[in-house]
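So the structure is just underneath, and the comments pick up after that.
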2 protein chains.
Amino acid sequence: MINPVFLRTFMNLVKTNHFTHTAEELSMTQPGVSQHIKKLEIQLGTTLLNRYGKKFELTTAGESLFQYGLKQFKAESDLLNTIASDDVNIGHCTLACSGSMAMQLYPKLLNLQKERSGLTVSVEAAPNTTIIELIKKNQSDFGIVTQQVNDPSLIQEPLGEDALCLVMPAQSEPTWEVLLELGFINHPDGHHYATQLLEKNFSGEFKGMDQLPQTGYINQLSQILLPVSMGLGFTVIPKSSLDVFPYPDRIRNAVLASLVNERVFLITKKHRALPSRYQLIRELLRSEWH
Amino acid sequence: MINPVFLRTFMNLVKTNHFTHTAEELSMTQPGVSQHIKKLEIQLGTTLLNRYGKKFELTTAGESLFQYGLKQFKAESDLLNTIASDDVNIGHCTLACSGSMAMQLYPKLLNLQKERSGLTVSVEAAPNTTIIELIKKNQSDFGIVTQQVNDPSLIQEPLGEDALCLVMPAQSEPTWEVLLELGFINHPDGHHYATQLLEKNFSGEFKGMDQLPQTGYINQLSQILLPVSMGLGFTVIPKSSLDVFPYPDRIRNAVLASLVNERVFLITKKHRALPSRYQLIRELLRSEWH
DNA sequence: CATTATGATAATTTAATATTATGATAAATC
DNA sequence: GATTTATCATAATATTAAATTATCATAATG
């Protein structure tokens with residue numbers, strides 16, 4: 001590691017081209033300057049100055065060190081600026097949520113970015129379990145999940161509810177026999193969603209997801225309704241995902257006797273103070289479900 | 001300035017999430033770790049860790065410092081790599097020369113770059129006086145000038161000779177009267193060149209450049225022959241510049257009684273050891289005049 | 001040739017940092 | 001819920017690094 005005090009001396013020496021003047025500017029003694037340079041040279045294993053008489057030129061290594069020093073100084077002042085300012089409108093925000101949630105939220109987050117040019121938002125689409133991991137590893141600060149989590153290191157704030165929808169090809173009837181025949185188009189949270197909805201509405205017949213043939217799997221919710229619209233199977237997704245499908249008349253949102261609402265939670269890490277800019281995102285999320 | 005020892009401790013602490021383990025890895029005592037973090041916090045004026053019980057999370061400032069540290073480590077290993085290797089094929093070379101020289105040399109330098117992909121060459125076109133300044137300020141390592149310089153801080157190596165040419169519109173005759181009538185198209189080294197050539201060939205008439213009307217000025221030698229070809233004046237340039245003019249039949253390279261050769265010198269700074277890659281450029285320059 | 005300016009070296013003082021020992025508090029175990 | 005263990009914080013001491021003072025050597029200056 002390069003001693004920053006030595007480096008500062010070196011940088012000043014390059015600037016002034018003069019040992020004594022450097023010593024004066026840095027309020028130290030001239031032998032100190034010589035010593036600093038010498039120690040840098042010993043550490044780096046090369047000469048930094050090409051001495052001739054009482055003058056000198058930088059060697060190639062000296063030139064490199066000088067460039068490094070310039071970079072250094074800049075990086076440090078950047079750091080201090082960053083730490084000093086916790087502006088609501090500046091910085092990067094990270095959010096992890098399901099794919100459908102991402103499709104729903106991303107345009108609104110982009111609007112926020114447009115209004116506040118210093119703000120950047122990245123959205124990571126992932127299944128519930130991954131979202132929780134991302135939060136715990138600090139790779140994302142905000143997470144939106146549809147499952148209650150019971151982890152003492154996380155904070156959970158209910159945002160609202162989202163109805164689960166049984167989605168079938170346009171002409172199909174929502175009977176147990178038809179479902180068995182169609183088969184299930186799975187997705188990362190597919191079993192979790194389907195189990196809840198089918199248990200309530202087909203309590204006599206439904207024993208578990210293993211009963212149903214899986215006729216497809218896709219981990220992008222934006223595309224999951226495609227195989228359904230083509231008659232290849234049914235699936236269960238939240239209403240918010242359904243709303244963004246571009247061809248609503250090619251599918252059927254089956255009306256069932258019992259509605260199942262999936263609760264939506266905002267999760268954050270306990271003991272992790274988030275920058276104030278996250279307040280904006282939190283408000284946006286709350287208003288989304290109001 | 002951020003103490004790099006403290007920073008290293010902090011970085012390791014973030015990695016391990018554990019004070020004692022960090023102390024073990026860095027072969028120091030645990031209180032030492034606490035002390036380092038505390039000192040960083042005092043210096044930066046913020047908490048870096050959000051402590052709860054015996055665990056902790058990074059604060060925003062802590063996150064920033066961590067990012068800074070990562071950048072830092074990279075910059076330092078880059079520096080050490082740069083210093084360790086003085087590869088003939090890697091690095092940047094700077095050359096300052098006249099505009100015509102630049103036109104002549106640049107394609108050949110580009111070929112060199114093509115052959116050795118780690119090498120970059122930048123050419124600065126400038127008049128003689130500027131070239132010398134650039135060299136003295138270390139803004140360029142190689143300079144090519146056509147004037148003998150008498151500066152003890154510079155080294156001068158003769159490269160070869162370049163004949164000065166009196167260039168006129170295609171139909172003009174090289175007589176003193178015609179020259180007076182045409183007028184002089186000037187360029188940065190125009191007076192210097194013209195004086196030498198005219199003194200020798202029109203020793204009776206020529207008294208100084210003030211005698212001749214200046215009918216144009218352009219500091220790009222690549223374009224200087226344009227006004228000459230249009231009959232707007234005459235000029236004096238080195239043969240190398242003449243050779244790159246695309247329409248040789250629109251101008252006249254006047255045959256004079258006495259030839260004047262301009263000596264071409266490579267100048268470098270004394271006491272400045274140049275990286276080995278410059279040897280390549282030097283050889284290329286020598287072979288150019290063989 | 002003498003003088004002044006400048007950088008290098010050696011010995012000493014001063015300041016910063018590390019360690020040891022100890023204390024306090026939370027998590028784990030019975 | 002009391003006891004043990006693990007972990008971080010603090011205070012006093014020891015160690016190490018860096019700064020200064022004094023001195024020397026050599027180059028630039030007149």
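So you know, we letter chains A, B, ... as the sequences are listed, proteins then strands, and number each from 1.
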Assign a letter to each nucleotide of nucleotides 9-15 of chain C from its 5' end: B, base within under 4.0 Å of a protein heavy atom; S, sugar-phosphate only; -, no contact. B------

Can you tell me how far [atom2] of [N] sits from [atom1] of [X], to the nearest Å?
X       : N      : atom1 : atom2 : answer
A:Asn50 : C:dG7  : CG    : P     : 16 Å
A:Ile37 : C:dT6  : CD1   : P     : 17 Å
B:Lys55 : C:dA27 : NZ    : P     : 6 Å
B:Phe56 : C:dT25 : CZ    : C1'   : 17 Å

Check every strand shown and say whether [X] touches a base, only sugar-phosphate, or nothing at a heavy-atom separation below 4.0 Å.
X       : answer
B:Val5  : sugar-phosphate
A:Phe6  : sugar-phosphate
B:Thr20 : sugar-phosphate

Five pairs per end, C1' atoms only: what is the angle between the end axes of the helix from C:dC1-D:dG30 to C:dC30-D:dG1, to 10 degrees? 30°

Chain B footprint on DNA chain D, 5' to 3' - any atom under 4.0 Å from a heavy atom: D:dA6 to D:dT10

So CG of B:Leu274 and CG of B:Asp141: to nearest 0.5 Å the spacing works out to 5.0 Å

Spacing of B:Asn12 atom CG and B:Asn17 atom CG [to the nearest 0.5 Å]: 11.0 Å

Compare every heavy atom of [Y] with every heavy atom of [X], then report the nearest pair and how far apart it is.
X        : Y        : answer
B:Ile2   : B:Leu65  : CD1-CD1, 4.2 Å
B:Ala102 : B:Val123 : CB-CG1, 3.9 Å
A:Ile131 : A:Ala96  : CG2-O, 3.8 Å

If you count every heavy atom of other residues, nucleotides or ligands that lies below 6.0 Å from A:Asn81 atom CG, does the total exceed 12? yes

Do any N or O atoms from the side chain of [X] and from the backbone of [Y] form a donor-acceptor pair under 3.5 angstrom?
X        : Y        : answer
A:Thr82  : B:Ser64  : no
B:Ser140 : B:Leu134 : no
B:Thr146 : B:Val264 : no

Check this for me: does any side-chain nitrogen of one of B:Arg51 and B:Glu41 sit under 4.0 Å from a carboxylate oxygen of the other? yes

Decide yes or no for A:Leu105 and A:Ile144: does some side-chain heavy atom of the first lie under 4.5 Å from some side-chain heavy atom of the second? yes

Strictly below 4.0 Å: does A:Arg51 bring a side-chain N or O up to OP1 or OP2 of C:dA8? yes

